[in-house]
Engineer: 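Following this message is one structure expressed as structure tokens.
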Amino acid sequence: MNAPAPTNRPILQLPDQLISQIAAGEVVERPSAVVKELLENALDAGSTTITIRLEEGGVKRIAITDNGRGIAPEQLPLALSRHATSKIASLSDLEHVGTLGFRGEALASIASVASVRVTSRTPDAAHAFEIVGSHEGVVAPSSGACGTTIDVQDLYFNTPARRKFLKSEQTEYAHCAEVVRRIALSRPDVAFSLSHNGRTIDHWNVSEAAKRSAHILGSDFAEARLALDESAGPLHLHGYVGLPTASKARADGQFFYVNGRFVRDKVLVHAVKAAYQDVLHGDRFPAYVLSLDLDPALVDVNVHPAKTEVRFRDSRAVHQFVFHAVQRTLAQTSATAHGSVPGPMTAAEVRPSGTPLWQLSQSPSMPQQRPHEQTSFGAQLTPTFSPSPYAPGSRWDDAATGGGVAQRLESYGALFASDATSTAAVPVPMSAADKPLSNDDFPLGFALAQLHGIYILAQNTRGLVLVDMHAAHERILYEQIKNALDAQAQGQEMQVQALLIPVTFYADAMEVATVHEHADTLKTLGFDIAALSPTTLAVRSVPTLLKNADAQTLARDVLRDVREFGGSRVLIERRNELLGTLACHTAVRANRILSTPEMNALLRQMESTERADQCNHGRPTWVQLEISALDKLFLRGQ
């Protein structure tokens, strides 16, 4: 690496234009930064209605109109001057910032890298006035209602190197729309209207916080949230926290505001995460919209140019307050808070009157499996149940008959044999004498029953096997998807399942942009997702291995990963995380009743899957309870 060349230039005072362009590097990172600064100024002006008009993702034009107090004509040049503001006048004001914007350099920085026109009218003025270009421009009469319109055109027209770093039009628009969404979410008392290329995309009337958050975050959040409103001394926390059952694979549903300002603060994020610790495990993220109001003197908002980071005077007190407030709110939940729990079955339902126990080869609550029916695990099963009870004198004659399954273990061993023409374990009729039962052949044994819809109880030669069916199936699917991608890299085609009826869903601008920019990556992963409109996506095909999963959920998670890490990184560096997410959503869920053949098919696939002893998150998928350990529990032989 070459060292920078020394310079003999004298020290000179930089011109104002260059100073403003350097400052713009911090303030005006992309069009969305312009939108943020102008929206904050509009809110600080007391606006109740704000209109945002964008063209070509905000690069060609950003025009924001508000109905606020306006700017007097003699102050218009100052509005475009560096370090000029009406929001602070002394160091004391800087320590008690009560507005969103206060640095006094945003408009000057914007004007240094774009063409700017400011039109404004105060309530006592007969007409509006405008200024074009910079603080050196001429103030002239104009037309317009009370309030201010700032029209920014041709962003970076005089700094082409900066413009080269911008993304596509759809991506830049998506970033702008996300900024509008965040700000609109925090101010339900203000009406917002957003249009792009002459088409209205979103409009939110003045409403309550509950309605605004439901409108922006969707019905899924609205139906699975808890209201929070707590105060302690100078601290007031209010908003909504999502139920644990509505958690997400990414942290993109988390919105925290401090005195109305959207922030990303480690103290606050950790406090909320800790509050969810008892009810949300693994790599899931809660969704929430929370606002913390406190004395401006207790928080420093001047620690980052974009003002997205803050520093609390007493961060420990804030952390504890937020933690306990969210924890108490979540304590309101119960097992039936979101969804219902089936009631217990009666004895008559378990075993109808007059029916011998040994004839119940399956629990009545289990779906009956037809011969050669395709199971959710991909194995075609031909169940061959023995109608006779355990043979007297058999080594298994004192085995328990759990879950209505009463069959000799030797008979179980005859249910499965290897078929060289198939990758699945296909059962064929055979006698126990043809293939003596061996622990090496079937280390996980054979299914007896399900426990609480979560665990499979199986019997092997060593004793009892407990299997977490979701974790086990998740690992199987993970390995299958990974192998399919590896095979694709070697020239084999990814097997995809076209949907008879495409699944359409509402999408935000960022998701639509991701579909446009990363179509090749999505195709590599086996997804065909098309944009039907600026707010609608359609899933037309998914990988065959994931055909039983919820197409909308899969699509959203894939788009999040691709957007966050980029197409190449998500296929190389972040591939395992993405595959884990896909497998988790597709794997059989808790409380899913499985038939005996389905349970056995899962056990056989576990035995033939690499790294099947743990799921993708490092949790064990099964444990063995030895007969000797069971004997000790019941004091047998003592």
Side-chain angles (χ1 to χ4, degrees), residues 182 185-186 188 208-214 216-296 298-301 308-341 452 454 470 584 589-591 617-619:
R182 289 174 182 168
L185 195 57
S186 69
E208 298 177 347
K211 188 174 181 180
R212 176 66 61 86
S213 61
I216 293 178
L217 298 184
S219 58
D220 289 345
F221 179 76
E223 294 171 359
R225 66 183 179 185
L226 298 169
L228 185 156
D229 193 339
E230 289 204 20
S231 298
L235 304 177
H236 177 210
L237 184 67
H238 55 97
Y240 297 92
V241 292
L243 289 168
T245 49
S247 62
K248 309 181 72 175
R250 297 286 172 220
D252 58 351
Q254 300 179 349
F255 299 84
F256 214 119
Y257 302 86
V258 174
N259 288 344
R261 184 191 312 278
F262 175 80
V263 299
R264 297 186 183 93
D265 182 77
K266 293 181 180 179
V267 171
L268 300 176
V269 170
H270 184 272
V272 178
K273 182 179 180 180
Y276 274 89
Q277 209 163 33
D278 287 340
V279 292
L280 188 62
H281 305 280
D283 57 355
R284 303 292 295 177
F285 295 87
Y288 53 81
V289 179
L290 293 172
S291 297
L292 177 65
D293 299 330
L294 71 165
D295 186 341
L298 300 178
V299 57
D300 184 2
V301 297
T308 56
E309 298 177 9
V310 296
R311 183 181 294 117
F312 296 103
R313 178 170 295 181
D314 189 347
S315 59
R316 179 175 176 80
V318 171
H319 181 281
Q320 290 301 98
F321 168 68
V322 173
F323 166 72
H324 288 296
V326 176
Q327 188 184 53
R328 280 191 292 268
T329 301
L330 293 174
Q332 303 170 19
T333 63
S334 66
T336 57
H338 188 58
S340 59
V341 178
H452 288 289
I454 300 173
H470 173 75
C584 183
R589 294 295 179 184
N591 296 322
H617 313 292
R619 300 190 303 269

Engineer: Please enumerate all residues that pass side-chain contact (heavy atoms from CB on, under 4.5 Å) together with Ala227, with sequence neighbours excluded.
Structural biologist: Tyr240
Engineer: Sequence neighbours excluded, which residues qualify as ring-ring contact (aromatic ring centres under 6.0 Å, His included) partners of Tyr257?
Structural biologist: Phe262
Engineer: For Ser213, give me all partners under side-chain hydrogen bond (donor to acceptor under 3.5 Å, both in side chains), at least two apart in sequence or on another chain.
Structural biologist: Arg225
Engineer: Measure the shortest side-chain to side-chain distance between Leu237 and Ser291 over non-hydrogen atoms and say whether it is less than 4.5 angstrom.
Structural biologist: no
Engineer: Only one of Leu330, Thr329, Val322 passes side-chain contact (heavy atoms from CB on, under 4.5 Å) with Leu228; say which it is.
Structural biologist: Thr329
Engineer: Only counting residues at least two apart or in another chain, list the ones meeting side-chain contact (heavy atoms from CB on, under 4.5 Å) with Val267.
Structural biologist: Asp265, Ser315, His319
Engineer: Could you tell me which residues satisfy salt bridge (Lys or Arg N to Asp or Glu O under 4.0 Å) with Asp252, sequence neighbours excluded, listed by chain and number?
Structural biologist: Lys248, Arg560, Arg563
Engineer: With sequence neighbours left out, write down each residue that passes side-chain contact (heavy atoms from CB on, under 4.5 Å) with Ala251, or none if nothing qualifies.
Structural biologist: Gln254, Phe285
Engineer: Do Asn259 and Leu292 have side chains that approach each other closer than 4.5 Å (heavy atoms only, starting at C-beta)?
Structural biologist: no
Engineer: Can you tell which of Arg212, Lys211, Glu208 makes a side-chain contact (heavy atoms from CB on, under 4.5 Å) with Pro188?
Structural biologist: Arg212
Engineer: List the atom of Ala222, the atom of Ala214, and the distance in Å for their closest heavy-atom pair.
Structural biologist: CB-CB, 3.6 Å
Engineer: Tell me, please, which residues at least two apart from Arg182 pass salt bridge (Lys or Arg N to Asp or Glu O under 4.0 Å).
Structural biologist: Glu178
Engineer: At their closest point, which heavy atom of Leu235 faces which heavy atom of Ala317, and how far apart are they?
Structural biologist: CD1-O, 4.4 Å
Engineer: Return the NE2 to CD distance between His236 and Glu230, rounded to the nearest 0.5 Å.
Structural biologist: 9.0 Å
Engineer: In sequence, state the C-alpha distance, the side-chain angles, and the governing distance for Leu290 and Val326, and then conclude on side chain to side chain contact (heavy atoms under 4.5 Å, CB included).
Structural biologist: CA-CA 10 Å; Leu290 293 172; Val326 176; 4.2 Å; yes
Engineer: Kindly indicate whether the side chain of Tyr288, heavy atoms from C-beta on, has any atom under 4.5 Å from the side chain of Val272.
Structural biologist: yes
Engineer: Does a side-chain heavy-atom distance below 4.5 Å link Phe321 with Leu294?
Structural biologist: no
Engineer: Can you list everything that forms a side-chain contact (heavy atoms from CB on, under 4.5 Å) with His324? Sequence neighbours excluded, please.
Structural biologist: Gln320, Gln327, Arg328
Engineer: Restricting to side-chain hydrogen bond (donor to acceptor under 3.5 Å, both in side chains), what partner residues turn up for Asp314, sequence neighbours left out?
Structural biologist: none
Engineer: Any side-chain heavy atom of Phe221 within less than 4.5 Å of one from Ile216?
Structural biologist: no
Engineer: So, taking the atom named NZ in Lys273 and the one named CG in Leu268, what distance separates them when rounded to the nearest 0.5 Å?
Structural biologist: 14.5 Å
